[in-house]
Protein chains: 2
Amino acid sequence: MDAQIKRGLLDILVLAAIKDEDSYGYSIIKDLKPYLEISESTLYPILKRLEAAELLTVRSAEHNGRLRKYYKITKAGLLRLDAFADEWQEVMRIYNYVTRGEDKNDEA
Amino acid sequence: MDAQIKRGLLDILVLAAIKDEDSYGYSIIKDLKPYLEISESTLYPILKRLEAAELLTVRSAEHNGRLRKYYKITKAGLLRLDAFADEWQEVMRIYNYVTRGEDKNDEA
DNA sequence: ACATAATACTATATCACACGAGGTATTGTT
DNA sequence: AACAATACCTCGTGTGATATAGTATTATGT
């Protein structure tokens, strides 16, 4: 029941992981590890979904005899990240509602 | 608002809605409407779940001939809300990662 | 040389859950 | 009489996270 909020950020985190530089599955998992531990069986379906939604494109390349599929964010993917930043205001409104009356100074 | 993010906030929002004062299904839906639109078929299973998890208790009462089930938050429910506030630091770390490099001054 | 870990992707089965659609029943309004 | 609002509930469906298992190569340790 804990950390469910973070699950909602999965798609966006994956997009963020390839935002500046193309990356591949295995690397994305390791890059995101400090933020959210995500398993292969979680990531690959997400990548498929994001590809279907045309938020990223895929290109295969061989690296040391192993296949690698590099994922590249699309224009739509970048727009999705921008939209997320906007949506965050709504999320913060909810956060403020939930924590109303508490004197935690989370937001200065 | 993104359905995925919303999903992670549902349980916590319901707890927040009964935090200060006992409430009932129909009222909770209307109270939360400004923050998040939640349907009856979404809310009632959540209330059942929260009751099973002992984060709230239920008491039936008649009001103008109609049945009302009042939900009251438990100690564990209040602790859950506290835990959420703590988790938020991690969520903000994710947010900052996702929006890195953007000059939106969302957090002053 | 052999075993194990790390790299890298895929498929399948399962469980949780949000939500539309539909149901019951009373009170208030037009 | 008709309809909206109040107030509860259930079922079916689709989406999605994740465990488990499989395939295959390279690197590391013993």
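Letters go in sequence order (proteins before strands), and every chain restarts at 1.
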Asks: First and last nucleotide of DNA chain D in contact with chain A, 5' to 3', at under 4.0 Å to a heavy atom: what are they?
Replies: D:dG16 to D:dT26

Asks: Quick one, A:Y44 and A:K48 - any side-chain contact, counting heavy atoms below 4.5 Å?
Replies: no

Asks: Nearest-nucleotide wise, let me know which of B:Y26 and A:I38 is further upstream toward the 5' end of DNA chain D.
Replies: B:Y26

Asks: Could you tell me whether the side chain of A:R7 reaches within less than 4.5 Å of the side chain of A:L36, counting heavy atoms only?
Replies: yes

Asks: I want to check something: taking the side chain as every heavy atom from C-beta on, are B:K69 and B:L47 in contact at a cut-off of under 4.5 Å?
Replies: no

Asks: State, to 0.1 Å, how close A:D31 and A:Y35 come at their nearest heavy-atom pair, and which atoms those are.
Replies: O-CD1, 4.0 Å

Asks: A:I28 has an atom CD1; how far is it from atom P of C:dT7, in whole Å?
Replies: 15 Å

Asks: Could you check which residues of residues 45-61 of chain A get a heavy atom under 4.0 Å from DNA chain D? Sort them by number, please.
Replies: A:P45, A:I46, A:R49

Asks: Which whole-number value in Å describes the distance from A:Y44 OH to C:dT12 C1'?
Replies: 17 Å

Asks: Could you walk me through whether A:K19 and B:R100 pass side-chain contact (heavy atoms from CB on, under 4.5 Å), step by step?
Replies: CA-CA 10 Å; A:K19 176 185 166 190; B:R100 93 205 100 108; 4.2 Å; yes

Asks: Is B:E40 side chain donor-acceptor paired with the C:dC19 base, going by distance under 3.5 Å alone?
Replies: no

Asks: Check the distance between C:dA18's C1' and B:L32's CG and give it to me in whole angstrom.
Replies: 15 Å

Asks: Assign B:T42 to base, sugar-phosphate, or nothing according to its heavy-atom contacts below 4.0 angstrom with the strands shown.
Replies: base

Asks: Could you state the atom-to-atom distance from NE2 of A:H63 to C1' of C:dC9 in whole Å?
Replies: 15 Å

Asks: Establish whether B:M1 and B:V14 are linked, either directly or via other cluster members, by ILVMFWY side-chain heavy-atom contacts under 4.5 Å.
Replies: yes

Asks: A:R66 side chain N/O closer than 4.0 Å to the phosphate oxygens (OP1, OP2) of C:dA8?
Replies: yes

Asks: Whole Å only: how far is the CG atom of B:D11 from the P atom of C:dC17?
Replies: 7 Å

Asks: Got B:Q4 and A:L10 here, is their nearest side-chain heavy-atom distance under 4.5 Å?
Replies: no

Asks: Report which part of the nucleic acid A:R7 touches: base, sugar-phosphate, or nothing (heavy-atom distance under 4.0 Å, all strands).
Replies: sugar-phosphate

Asks: So, B:D11 and B:R80, do they make that salt bridge, N to O below 4.0 Å?
Replies: no

Asks: Tell me whether the OP1 or OP2 atom of C:dT10 has a side-chain N or O from A:K69 closer than 4.0 Å.
Replies: yes

Asks: Roughly, in whole Å, what's the span from CD in B:E62 to P in C:dA25?
Replies: 15 Å

Asks: Are A:I12 and A:L79 linked, directly or through intermediate hydrophobic residues, by side-chain heavy-atom contacts shorter than 4.5 Å (ILVMFWY only)?
Replies: no

Asks: In this structure, how many angstroms lie between the P atom of C:dA18 and the CD1 atom of B:I12, rounded?
Replies: 13 Å

Asks: Please compare A:N64 and A:L43 by the position of their nearest nucleotide in DNA chain D and report the one closer to 5'.
Replies: A:L43

Asks: Any side-chain to backbone donor/acceptor pair from B:T74 onto B:E54? Under 3.5 Å, distance only.
Replies: yes

Asks: Report the distance from atom CG of A:L67 to atom C1' of C:dT7, rounded to the nearest whole Å.
Replies: 12 Å

